[in-house]
Amino acid sequence: MAGWFDANLVSILNGFAIGSLLFILAVGLSIVFGMMDVLNLAHGAFFLVGSYLAVSFVAGVSWGGFLAALAVAALFGLLAGGVLSGMTEPLARRPILDQALLTLGISLIVAEVLSIIYGNNVRSVPGPPGLDGSVQVAGSTYPTYRLMLIAVGLLLALVVWLVVERTSIGALVRASVADREMVSAMGIDNRKVKFAVLGIGSMLAAVAGVLGAPVYGARPGLDKTILILALVVVVIGGLGSVRGALIGALVIGQVESLGRALLPELASFILFGTLALVLIIRPRGLFAGKVAHS
Amino acid sequence: MSTTLLSLSGVSRHYGALRAVDDVSIDVPAGARHALIGPNGAGKSTLFKLVTGSMPVSAGTVTLDGTDITQLPEHQRARRGVSQTLQHSSLFLSQSVQDNVLLAAQRQHRSRRSLLPRRQAAARDRVRGLLVDVGLEARADTPVAALSHGERRQLEVAIALACEPKLLLLDEPAAGMSPAESSRLVGLLQSLPASVTLVIVEHDLDVVFALATSVTVLHLGQVLLTGSPDEVRASAAVQEAYLGTGREALFLDHPGSTQMEVS
Amino acid sequence: MSVVPDSSTDASGVGADPRTGPAPGPSRAARLATRGIPLLVLLVLLASAPLFAAPFTANTLSRILIFALFAVSLDLLVGITGLPSLGHAAYFGVGAYTAGLVSIHWTSAAPVPVLLAAAVGALAAVATGWLAVRSGGVYFLMLTLAIGELVHQLAQSLSSVTGGSNGLFGIPSVRIGGEPLTLAGYVYWYVLAVAVLGFLGLWLVARSPFGATLRGIRDNEPRMRSLGYSPFRYKYLAFVVAGGFAGLAGGLFAALVRIVNPSDAGFTTSALILLAVVLGGAGTLWGPVLGAAVVVLVRDTFGPQLDGHGPLLLGVVFVVAVYVLPRGFAGLAGLVPGRRRSTGGTA
């Protein structure tokens, strides 16, 4: 067992890095749906915008570039979320499919515009100075940047958890996940809440894109891969649950990383198998925030 | 007539501390016309949901025709002959009157697996007959969304009958009907064969006493009294309960029918 | 929301003369004539197309027919059953790979590859649909998306079987009576024959009591339960039937283009076909046929000029369609029969 652990230490650490990234992505997706009933299929495209921003600001060369990419990505995410919130407003009384179709259309447009600007080649982005090397971890060399990513992800998880569980804003979030009518019952403008929630959710997605760039690079199709992983995390964790998103992200991070390392041909089968297994045991995910929804 | 079709034993439904239905035991013999009366909030509609299975019991057993059906899901109870009309009309609004009834009738005629519409002739004949019975034959091709409230109630009855029920639960079938429609409904229900057992919740006591062979009075989720209509009329306990809650509360939504024969 | 305009036009029609129940005999014959004759004309026109059209046109028509069949199979889910799938291309792709592999390794004698394609498409739906249908609601959207991506990635990673990202090529021509169909016109007739049978099958399913049950579940699932139906069983069966017909369409696709790529099972294909259904009008069956024709024509006409950025156009059409055509082309056409019905009531 110890031998296996040593041999796969790199994969396990990778799993944590992927898990951190997935949590940042999935928590936005999950809360946006849990609170606002908006299934944002453009979430993956916003991530990819962040990744290409890291390319543009040559984030690997200087910390200035890296931080600038983060700031621009955050701003872009807020704006994109705001626009999306405005665009979904006329569809609020229509079936969920219509909003899904809208965000699907937006994600196709964003992805194609990116491929027109940046071409179809894989762009790699090194980590920022000081983090672009490797360190020795229990006898294996491991990229420093990914260790930082794990730390940042856990830190963000802690912050989000504290906000949702300990603040009055968080109480509002939890209440409206449990009961959609809550927001308007408390006399708060539904549209403002939607604007804020979608803005912050999209901001997290774009920021995750910058953070993920030194790991995944930037390439066409990454948006879909990431979106699917985030959706799997949300489904496993339970819609609208922060704790679920964290546990789901850590589980899927490990499944994805170990699966690709040990059984590369069957990795997507293993991913889907995990999803199926969770749903057979818990049809509404591990921490169902929302009970009745159709 | 002597065998028991529906038997409720210690049936309860709690929402936290609130006991909507509390330890209710009722036996309904086959062929009976059994009425459930009581003030709003007495638990009548909840009790219906516990019988149909659209809501699980907190305690107790529901027995149909000698079989314990407490654990069966709603659709399997329906197949065993439990049918209902709902207090709030629940129809397929975009479809025609005829198609609404056909959805219920086609399940009885073993034609639902056929791909050829022609094979549905038997089910369609049955639908036509039922629409004549409830007085909607002229509206067969009308979409339900265009029906009046009273017509929708009539349609509910036709759909429930199309399920060929052994036990028919009617939740305020006459609510919102004109006097003419209401008396037509009573006539239809009176003409049903004894193979259909009726349990009816109704505020209109004229309807209740025109139909019922036995009456259960519910009060705050509990059975106050079960007996013949005459016994219920004469019961001091019922009078007390009614006076205690006040007639206005009892018949709030039916000021026209407060001339009750209980007193 | 979609109910309101219909009912108001019907209400005015009936309100004008409530006692006019159309006599069943003549109206059925008349309906058969008004619907059947144009359909027959269309069929004759389609069948004679290769006689006067260029091979390229026959090829485009074949594509339209295949995508139309694919779209109608999705409409059975989206429009009739109320289950919006974002991964229906998975079963199309499974069918296409099945037909391709059967043709390469065993026989390309018609109709073996397409029948096996339909069967394997249905089996794939059996294997994956249980989970998606049981979860329901928005989970259905997410899970079908995940299933589609799973099949896509499998097609890419199992390169020893599927040819990986190079695609499965070298699929031999369909053979009828031992003779390979090489001319575009003959292939077109083959596609037309199978597709028409496919449409007929789906139309029968939608018109049958089973189809009525599916519509009942779409409109009011709790009520169907109280009528003694098990909604899960019907939805699952609808999913499998839709998967089978999507597989059939995939099998035809493999016979026509004779190369299958992982992207044929992927997200963009799923999105494209969903767009065809939404654009045409979900739940009408004929609407998605029209939608598929428009989508294929637009893609084939403008796609090459966009330098491989066809999805950009796809995305724009999606966004516009959601706002401008909430009920598709059928929603536009629905205004016309509605008026005719109401004037017919007073006449």
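Worth knowing before you read on, the calculation uses all heavy atoms, side chains too, and leaves out hydrogens, waters and symmetry mates. Residue numbering restarts at 1 for every chain, and letters A, B, ... go by the order of the sequence lines.
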- Task: Answer yes or no: are there more than 12 heavy-atom neighbours, outside C/R134 itself, under 6.0 Å from its atom CZ?
- Result: yes
Practice item. Show your working on side-chain hydrogen bond (donor to acceptor under 3.5 Å, both in side chains) between B/Q106 and C/T213 and close with a plain yes or no. Key: CA-CA 9 Å; B/Q106 69 181 21; C/T213 307; 2.7 Å; yes
To the nearest 0.5 Å, atom CZ of C/R223 lies from atom CD1 of B/I159 at 5.0 Å
Contacts of C/R225 meeting side-chain contact (heavy atoms from CB on, under 4.5 Å) (sequence neighbours excluded), chain-then-number -> B/E74, B/H75, C/E221, C/P231
Taken in chain and number order and not counting sequence neighbours, the residues that satisfy ring-ring contact (aromatic ring centres under 6.0 Å, His included) with C/F140 are C/F239
Find out whether B/F92 and C/R215 are in side-chain contact, i.e. whether some heavy atom of one side chain is under 4.5 Å from a heavy atom of the other.
-> no
Value for CG (C/L227) from CZ (B/R79), rounded to nearest 0.5 Å, stands at 11.5 Å
Cut-off 4.5 Å, heavy atoms of chain C, and the answer for B/A104 is both
Output for pair (C/S226 OG, B/R77 CZ), nearest 0.5 Å, gives 12.5 Å
